[in-house]
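As structure tokens, the structure follows; a few thoughts come after it.
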Amino acid sequence: AQSVTQPDIHITVSEGASLELRCNYSYGATPYLFWYVQSPGQGLQLLLKYFSGDTLVQGIKGFEAEFKRSQSSFNLRKPSVHWSDAAEYFCAVGPYFGNEKLTFGTGTRLTIIP
Amino acid sequence: EPEVTQTPSHQVTQMGQEVILRCVPISNHLYFYWYRQILGQKVEFLVSFYNNEISEKSEIFDDQFSVERPDGSNFTLKIRSTKLEDSAMYFCAGRDNNYGYTFGSGTRLTVV
């Protein structure tokens, strides 16, 4: 069964610093991978997705992610964070043969300090 | 940009009561989903719906839950007899042919 692990529950970063959020997946085929962001009390907004092709994917709000098959990883990066990036970030994988669902990781809460 | 609309944004209900959560998906989406997120926890899959029938459901989606697309536009989740542990944020989502999943902003259900 497909699964996603986000090893970091909470990360604190200074404004202007670089950011990397980790995501590891378990999947039986070439994965479809997603990163979503959730601001407090809000819904899930898609940052970026990877299906195939170039392993470095650009998303909205200056985020990018790199797919590394050898490491089963899809880490999210941003070169310089802004206070408005404080939110919960979820990595997701799916769909898989015969089912159409997304499977989410447990999320990483990002705090930005001045 | 097209949106998935969910109503109400917040609902408080007494334990044992029935609730219906409503969603208006994006018109060209073919697959529809309900997810839930208990406060502080991960987003969990409940059910997927395609071609007017359930295509997959999780263990959470027991006999107390049902989904409908009664008029070709609205997509509803009904909980027949709510329990305290049903308190969560419920998200509706739709998927297009390019595996673009769009989520609504959610309904916060509080069971008291």
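These values consider heavy atoms only, across backbone and side chains, with no hydrogens, waters or symmetry-generated copies. Below, read A as the first sequence line, B as the second, and so on, with proteins coming before strands; counting in each chain starts at 1.
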Show the nearest heavy-atom pair for residues Gln38(A) and Phe91(B), with the distance to one decimal. NE2-CZ, 3.4 Å

For Leu39(B), look at atom CG and say whether over 12 heavy atoms of other residues, nucleotides or ligands are found less than 6.0 Å away. no

Can you get from Tyr50(A) to Leu102(A) by hopping between Ile, Leu, Val, Met, Phe, Trp and Tyr side chains that sit under 4.5 Å apart? no

Report yes or no: do Leu109(B) and Val112(B) belong to one cluster of Ile/Leu/Val/Met/Phe/Trp/Tyr joined by side chain heavy-atom distances under 4.5 Å? no

Mind listing the side-chain donor-acceptor pairs of residues 74-81 of chain A below 3.5 Å, one per line with the distance, residues two or more places apart or on another chain?
residue, atom, partner, partner atom, Å
Asn75(A), OD1, Cys23(A), N, 2.9
Asn75(A), ND2, Glu20(A), OE2, 3.3
Arg77(A), NE, Glu64(A), OE2, 3.4
Arg77(A), NH1, Glu66(A), OE1, 3.1
Arg77(A), NH2, Glu64(A), OE2, 3.2
Arg77(A), NH2, Glu66(A), OE1, 3.4
Lys78(A), NZ, Lys61(A), O, 2.9
Lys78(A), NZ, Asp85(A), OD1, 3.1
Lys78(A), NZ, Asp85(A), OD2, 2.8
Ser80(A), OG, Gly16(A), O, 3.3

Measure centre to centre between the rings of Tyr36(A) and Phe103(B), then say whether the value is under 6.0 Å. yes

Write out, in numerical order, the residues from residues 30-37 of chain B with a heavy atom short of 4.5 Å from a heavy atom in chain A. Tyr31(B), Tyr33(B), Tyr35(B), Gln37(B)

Would you say Glu59(B) has more than 12 foreign heavy atoms packed within less than 6.0 Å of its CD? no

So if you build clusters from Ile, Leu, Val, Met, Phe, Trp, Tyr with side-chain heavy-atom gaps below 4.5 Å, do Val37(A) and Ile60(A) land together? yes

Among residues 44-54 of chain B, which residues come closer than 4.5 Å to chain A, judged by heavy atom distances? Phe45(B)

What residue in Gln41(B), Lys42(B), Met89(B) has the most heavy-atom pairs under 4.5 Å with chain A? Lys42(B)

Answer yes or no: does atom CG of Asp62(B) have more than 12 heavy-atom neighbours from other residues, nucleotides or ligands under 6.0 Å? yes

Under 4.5 Å from any heavy atom of chain B, what part of Lys49(A) do you find: side chain, backbone, both or neither? side chain

Taking atom OH of Tyr99(B) and atom CZ of Phe51(A), what is their separation to the nearest 0.5 Å? 8.0 Å

Taking atom CD of Gln64(B) as the centre, does the number of heavy atoms from other residues, nucleotides or ligands within less than 6.0 Å exceed 12? yes

Is any residue of residues 103-112 of chain A within less than 4.5 Å of chain B by heavy atoms, and which ones? Phe104(A), Gly105(A), Thr106(A)

Can you tell me how far OG of Ser105(B) sits from CD of Gln45(A), rounded to the nearest 0.5 angstrom? 12.0 Å

Is Ile113(A) linked to Val13(A) within one hydrophobic cluster, defined over Ile, Leu, Val, Met, Phe, Trp and Tyr using a side-chain heavy-atom separation of less than 4.5 Å? no

If you draw a 6.0 Å radius around CD1 in Ile9(A), do more than 12 non-hydrogen atoms from other residues or ligands fall strictly inside? no

Can you get from Tyr32(A) to Tyr25(A) by hopping between Ile, Leu, Val, Met, Phe, Trp and Tyr side chains that sit under 4.5 Å apart? no

Could you check whether any side-chain heavy atom of Leu46(A) comes within less than 4.5 Å of a side-chain heavy atom of Thr102(B), counting everything from C-beta outward? no

